[in-house]
Amino acid sequence: MPTASRLVAALSLMVVAFLVSGMIIDNGEEGKDYGYFTYVNLVLGFLCGWVIMGKRAGRGWTAAVNNGLTGVVSLVFWGLFVQGTYEMFRLAMRHRYDGPFEALLAIFQIGVDFGKQLIAPEIIATLAIGALLSGLFTEGASRRWN
C-alpha cells in the first residue's frame with residue numbers, strides 16, 4: 001500500500017544512488033562508457049527504498065537509523081549484483097567463458113571488483129550520511145503523515 005514513508009524512503013535512496021553513481025563515474029576509468037549505470041542504480045534505489053525501508057518505518061528513531069543502514073546496504077548489494085550480472089552477460093556475448101558455471105562465478109568476481117571502487121573515503125562517507133538521513137527522513141514522514 002502506498003504511504004508517505006515509502007515514497008520518502010524511495011526518493012531518499014534515489015538521491016543516495018544518484019550521488020554515489022556520480023562519484024563512481026568520476027573515480028572510474030577515464031573514457032569508459034557507463035551507459036545506463038546511473039539510471040539502473042536510480043531504479044534500484046527506488047525499489048530498495050519502497051520495499052525494504054518503507055515498510056519498516058514507524059518503529060522509533062533508533063530503528064530509523066538501522067532502517068537507513070539496512071536500506072543502503074541492500075542498495076549496495078543489489079547494485080553490485082545487478083551491475084555484475086550485466087557485465088557478465090556482456091562478456092558472455094563475447095565468448096569469454098568456457099561454460100555456464102564459470103559465467104555464474106564471474107558475477108560474484110565482477111561484483112567484488114566493482115565493490116573495490118566503493119572503498120573510497122568520500123563514497124563511504126556519502127553512503128553513511130545518506131543512510132542516516134534516509135532513515136531519519138523516512139521515520140519523520142511516517143510520524144507526520146500517518
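Note that the numbering runs from 1 along the sequence shown for the chain.
One hydrophobic cluster, built from ILVMFWY side chains closer than 4.5 Å, holds both Phe108 and Leu91. A continuous path of hydrophobic side-chain contacts links Ile129 to Val8 [ILVMFWY only; heavy atoms under 4.5 Å]. Hydrophobic clustering (side-chain heavy atoms under 4.5 Å, transitive across Ile, Leu, Val, Met, Phe, Trp, Tyr) groups Leu127 together with Met23. Ile124 and Leu69 fall into different hydrophobic clusters, where Ile, Leu, Val, Met, Phe, Trp and Tyr are joined by side-chain heavy atoms under 4.5 Å apart, directly or via other members. Hydrophobic clustering places Phe77 together with Val72 (ILVMFWY residues linked when any side-chain heavy atoms are closer than 4.5 Å, directly or through intermediates).
Counting only residues at least two apart or in different chains, salt bridge (charged side-chain N to carboxylate O under 4.0 Å, His left out) contacts with residues 135-146 comprise Glu139-Arg143. The salt bridge (charged side-chain N to carboxylate O under 4.0 Å, His left out) contacts involving residues 85-113 comprise Glu87-Arg90, Asp113-Lys116, where partners must be two or more places apart or lie in separate chains. Within the structure, no pair that satisfies the salt bridge (charged side-chain N to carboxylate O under 4.0 Å, His left out) test touches residues 42-70, not counting sequence neighbours.
Heavy atoms from other residues, nucleotides or ligands lying under 6.0 Å from OH of Tyr97 number more than 12.
Here the CD atom belonging to Gln109 is positioned 4.0 Å from the CG atom belonging to Leu105, to the nearest 0.5 angstrom. The line from CE of Met14 to CG of Leu47 is 9.5 Å long, rounded to the nearest 0.5 Å. For the atom pair Ile52 CD1 and Leu13 CG, the distance stands at 8.5 Å (nearest 0.5 Å). To the nearest 0.5 Å, atoms OG1 (Thr126) and CG (Leu19) are separated by 6.5 Å. For the atom pair Glu30 CD and Asp26 CG, the distance stands at 11.0 Å (nearest 0.5 Å). Note: Ile110 CD1 to Met88 CE = 7.5 Å, rounded to the nearest 0.5 Å.
Leu118 meets the side chain to side chain contact (heavy atoms under 4.5 Å, CB included) test with Val20, Ile24, Val76, Leu80, Ile123; sequence neighbours excluded. Checked against ring-ring contact (aromatic ring centres under 6.0 Å, His included), Phe89 has no partners two or more places apart in sequence or in another chain.
For the side-chain contact (heavy atoms from CB on, under 4.5 Å) with Ile107, the qualifying choice from Val112, Thr85, Val82 is Thr85, the only one to do so.
For Met53 against Ala9, the heavy-atom pair with the smallest separation is CB-CB, 3.7 Å.
Here the side chain of Ser134 pairs no donor or acceptor atom with the backbone of Ala131 at under 3.5 angstrom. The backbone N or O of Thr70 sits less than 3.5 Å from a side-chain atom of Ser74, completing a donor-acceptor pair.
Taking the six-membered ring for Trp and thresholds of 30 and 60 degrees, Trp78 and Phe81 have ring planes more than 60 degrees apart, a perpendicular arrangement.
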Exercise answer: donor-acceptor pairs, residues 31-45 side-chain atoms, under 3.5 Å, sequence neighbours excluded:
from	atom 1	to	atom 2	distance (Å)
Asp33	OD1	Gly35	N	3.3
Asn41	OD1	Gln83	NE2	3.3
Asn41	ND2	Ser21	OG	2.9
Asn41	ND2	Phe37	O	3.3

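By the 4.5 Å heavy-atom criterion applied to side chains, Val15 and Leu11 are not counted as neighbours.
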